[in-house]
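Data first, discussion second: the structure below is written as structure tokens.
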Amino acid sequence: MSITNQSADALTESCDDCGRDTPHTVSIELRTESKKRENREFSREPYRITECMVCGSETALRMNNA
């Protein structure tokens, strides 16, 4: 029987690439969506960024669509 020691700040979430629940780091990032230079400062949206600590795959979810 093996025991894994996970960090207290890691969340376990489903990873599509690994095909199982794995520890993930989670952060919030403001991303600019407008391509127009004059509107860039008004087009920032919050995104929830998750990164699998096993395979390194990253997922971004726009929070206004959650």
message: The criterion is side-chain contact (heavy atoms from CB on, under 4.5 Å); which residues satisfy it with Ser57, sequence neighbours excluded?
response: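 Result, side-chain contact (heavy atoms from CB on, under 4.5 Å) vs Ser57: Cys15, Asp17, Cys52, Cys55.
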message: Can you list, by chain and residue number, the hydrophobic cluster partners of Val54 when the side-chain cut-off is 4.5 Å?
response: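 Reading the cluster by chain and number, Val54 sits alone, since nothing else belongs.
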field: Shared-cluster residues of Ile49, by chain and number - hydrophobic side chains joined below 4.5 Å
entry: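 Hydrophobic cluster check, Ile49: joined to Tyr47.
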query: With Glu51, which residues qualify under salt bridge (charged side-chain N to carboxylate O under 4.0 Å, His left out), at least two apart?
result: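 For Glu51, no residue satisfies salt bridge (charged side-chain N to carboxylate O under 4.0 Å, His left out) once neighbours in sequence are set aside.
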query: Run the salt bridge (charged side-chain N to carboxylate O under 4.0 Å, His left out) check on Arg48 and Glu29 step by step: do they pass?
result: CA-CA 7 Å; Arg48 182 180 189 266; Glu29 179 179 307; over 6 Å; no
Spacing of [X] atom [atom1] and [Y] atom [atom2] [to the nearest 0.5 Å]:
X     : Y     : atom1 : atom2 : result
Thr59 : Asp16 : OG1   : CG    : 6.5 Å
Arg31 : Met63 : CZ    : CE    : 13.0 Å
Glu13 : Thr22 : CD    : OG1   : 8.5 Å

task: Decide yes or no for Glu45 and Leu30: does some side-chain heavy atom of the first lie under 4.5 Å from some side-chain heavy atom of the second?
output: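 They are not in side-chain contact.
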message: Going by side chain to side chain donor-acceptor pair (under 3.5 Å), name the residues that satisfy it together with Arg44, two or more places apart in sequence or in a different chain.
response: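 Once residues adjacent in sequence are excluded, Arg44 has no partner under the side chain to side chain donor-acceptor pair (under 3.5 Å) criterion.
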